[in-house]
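By convention in this document, chain letters (A, B, ...) are assigned in the order of the sequence lines, proteins followed by strands, and residues within each chain are numbered from 1. Bear in mind the structure is a predicted one, so any value in this text is a computation, not a measurement.
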There are 2 protein chains.
Amino acid sequence: MTNEATKTARKSPPKPANRRAGARVSASSKPPPPSNRAERAAERRGAIIEAAMDEFIARGFAATRLDDIAKRAGVAKGTIYLHFKDKESMFEELIRTAIVPLISRLWGTPPQPGASVRDMVEGFAKTFIEEVATTRRGDLVRLIVAEGPRFPEVADFYYREVVSRGLTGMRALIELGIARGEIQHKNLARFPQIMVAPALIAVIWQSLFSKHAPLDALEMFRVHLDLIFGERKTA
Amino acid sequence: MTNEATKTARKSPPKPANRRAGARVSASSKPPPPSNRAERAAERRGAIIEAAMDEFIARGFAATRLDDIAKRAGVAKGTIYLHFKDKESMFEELIRTAIVPLISRLWGTPPQPGASVRDMVEGFAKTFIEEVATTRRGDLVRLIVAEGPRFPEVADFYYREVVSRGLTGMRALIELGIARGEIQHKNLARFPQIMVAPALIAVIWQSLFSKHAPLDALEMFRVHLDLIFGERKTA
DNA sequence: TGACAATGACTGACCAGTCAGTCATAAATG
DNA sequence: CATTTATGACTGACTGGTCAGTCATTGTCA
């Protein structure tokens, strides 16, 4: 009963339900004057994103229930659909949203002008270990590795925004090191991946094996840098 | 092995149907006629494992449908339950079954007695790239990384059988290299992970980014070894 | 009050797991 | 060896539960 109503006139959708475009956020907001309504909406959206991130990281895409996300965000399930088209695009948008702070967190380190290349890389490593590998951002990376093959757009985005940029930057750093005579191995510039390999190890280890055997990721990174730059001074 | 006993009862089915029994179906085995019962059963079990591996690798645990596995294996869904308790234990058993050949594949390389440590490691790398990183076994590793957190038993097993053993062996190799004077960096023995880091990079890259930019994994590995053992002779 | 935000009960599709029934094969019998 | 009977591997329609997505209703702000 009451189901044949489905075919009956369904309200008037002259206007697309809502376009998240409005919530573009985009760094500094100035267009709309601070409205109680808009503020609350943004707040809710943030809560949903936060909750969804936790759930997706914990269970993966397929096994995550929107009911759980809603409950965790303190919102009704329908509300999610006021902000996102469906589960899939929500996931994609989520990852994209979360990657931005990941990047800025990594390249936001103060680039000391007088520092050696080794110092710069070590600073990067330190930041990475502290801000990524040991936080939820690290799980985000693992999530991308896990779901990437099923979400080519996510993998593409991650490649463009993180991998490609990161490797380019790292290559420049390596070439600077070679030019300065800090790095002897010229071939290293051909494979900047090598420089960040311990970072990936750290992320994976952290979420899979840290309970079996803790890993001092920063120290491992330093030993790795010793291979590249030569032994450190201090014993 | 060890399946549930099938009940029996007498009833009359409303519909006959069912006669595909003889149709071994396309692909693969045709010439070798079905032998005895046990052989056919083992064959079927193998087909299920094979199909399940492909499906799980392609879609992950949660998104994989048993109907698809059955179809791919050329078997009815019920047959799966003659061999496995449920989806979850099937997944676990599957991984465990598949890891064994992974190990033997890696440590099965002929340990040339007269070879240098570098040669041994390079041989290992070559085997890994050819036999794991560029094959379905590589996706298996990615699958474990992806599902590990949700299947602690799988992660534990993988740690015990692959990671722990592998690192121990690698550490021994590193210490040998240090003793022989091939390796200068004594600290490397503290982090055997560094030695295999490019292998992990290769696996991830292969399944996520190879279509964006191909990676010569073996050459990368060699450059990495140059860092550890010193530059190679040939340019 | 009118417009829009939020809700959560509901629907329909989907899917893991079941089980009554079938039939090829093995075992028993003559 | 030919025939009958017993076995259990295999099947696939079916069930019960789950969950993404919907929408009529209710709540809230301007």
Side-chain angles (χ1 to χ4, degrees), chain A residues 1-18 22-23 32-45 47-48 52 55 59 61-71 73-91, chain B residues 1 3-25 33-45 47-48 55 59 61-71 73-91:
Chain A
M1 73 260 175
T2 76
N3 64 355
E4 66 285 89
T6 51
K7 65 160 347 157
T8 61
R10 68 290 211 162
K11 287 323 69 171
S12 59
K15 186 160 89 164
N18 90 335
S35 149
N36 204 347
R37 203 101 144 189
E39 260 175 45
R40 278 171 45 91
E43 221 167 71
R44 268 155 190 273
R45 191 188 156 84
I48 292 170
E55 292 290 329
R59 298 194 223 295
F61 177 79
T64 291
R65 293 179 292 257
L66 290 192
D67 287 284
D68 289 347
I69 294 176
K71 187 184 291 183
V75 154
K77 185 157 61 153
T79 304
I80 292 175
Y81 287 88
L82 298 176
H83 295 276
F84 302 94
K85 182 171 152 287
D86 57 17
K87 191 186 179 185
E88 198 165 312
S89 60
M90 173 173 154
F91 179 75
Chain B
M1 49 294 271
N3 51 8
E4 302 305 302
T6 41
K7 281 67 176 300
T8 33
R10 297 294 82 111
K11 278 288 188 55
S12 63
K15 246 163 66 165
N18 165 18
R19 40 76 215 57
R20 65 165 308 299
R24 184 64 286 113
V25 184
S35 309
N36 63 37
R37 216 105 137 181
E39 260 175 44
R40 279 174 45 96
E43 219 168 72
R44 265 149 194 269
R45 193 187 155 85
I48 292 170
E55 292 290 326
R59 299 195 221 296
F61 176 79
T64 291
R65 292 178 294 256
L66 289 193
D67 286 285
D68 288 347
I69 293 176
K71 188 184 290 184
V75 153
K77 185 154 62 147
T79 304
I80 292 175
Y81 288 89
L82 298 176
H83 294 275
F84 301 93
K85 183 171 152 289
D86 57 17
K87 191 185 179 185
E88 199 165 308
S89 60
M90 173 172 153
F91 180 76

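One atom, CD1 of B:Ile69, and another, C1' of C:dC15, lie 12 Å apart when rounded to the nearest Å. Going from atom NZ of B:Lys85 over to atom P of C:dA16 covers 15 Å, rounded to whole Å. Rounded to an integer number of Å, the gap from OH of B:Tyr81 to P of C:dC15 is 13 Å. Rounded to an integer number of Å, the gap from CD1 of A:Ile80 to P of C:dT7 is 10 Å. Atom P of nucleotide D:dA20 and atom CZ of A:Phe91 are separated by 14 Å, given to the nearest angstrom. Following rounding to the nearest Å, B:Met90 (CE) and C:dG17 (C1') show an atom-to-atom distance of 13 Å. Put simply, CG on B:Asp68 is 13 Å from C1' on C:dA16, counting in whole angstrom units. Regarding B:Leu82, its CG atom lies at a distance of 18 Å from the P atom of D:dT7, rounded to whole Å.
One distance of note links CZ of A:Phe61 with CD of A:Glu88; it measures 5.0 Å at 0.5 Å rounding.
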Give me, pair by pair, the N or O atoms of the protein and of nucleotides 16-19 of chain D that are less than 3.5 Å apart, along with how far apart they are.
| residue | atom | partner | partner atom | Å |
| --- | --- | --- | --- | --- |
| D:dC19 | OP1 | A:Arg65 | NH1 | 3.0 |

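Scanning for side chain to side chain contact (heavy atoms under 4.5 Å, CB included) contacts around B:Asp67 gives B:Lys77, with sequence neighbours left out. Under the rule for a side chain to side chain contact (heavy atoms under 4.5 Å, CB included), the partners of A:Arg59 that lie at least two apart in sequence or sit in another chain are A:Glu55, A:Ala63, A:Thr64, A:Asp68.
With distances taken from any side-chain atom of A:Val75 to the nucleotides C:dT7, D:dA20, C:dA16, the minimum falls on C:dT7. Among C:dA6, D:dG12, C:dG17, the nucleotide with an atom closest to any side-chain atom of A:Thr79 is C:dA6.
In this structure, the side chains of A:Ile48 and A:Met90 come closer than 4.5 Å at one or more pairs of heavy atoms.
Residue A:Arg44 places none of its side-chain N or O atoms closer than 4.0 Å to OP1 or OP2 of C:dA5. Phosphate proximity of C:dC15 to B:Arg59: absent, as no side-chain N or O sits under 4.0 Å from OP1 or OP2.
Heavy-atom minimum distance, A:Ala62 versus B:Ala62: CB-CB, 3.7 Å. B:Tyr81 and B:Asp86 make their closest contact through CE2-CA, 4.0 Å (heavy atoms, listed as atom of the first residue, atom of the second, distance).
Where B:Gly78 and A:Asp86 each meet DNA chain D at their nearest nucleotide, the meeting point lying more 5' is that of B:Gly78.
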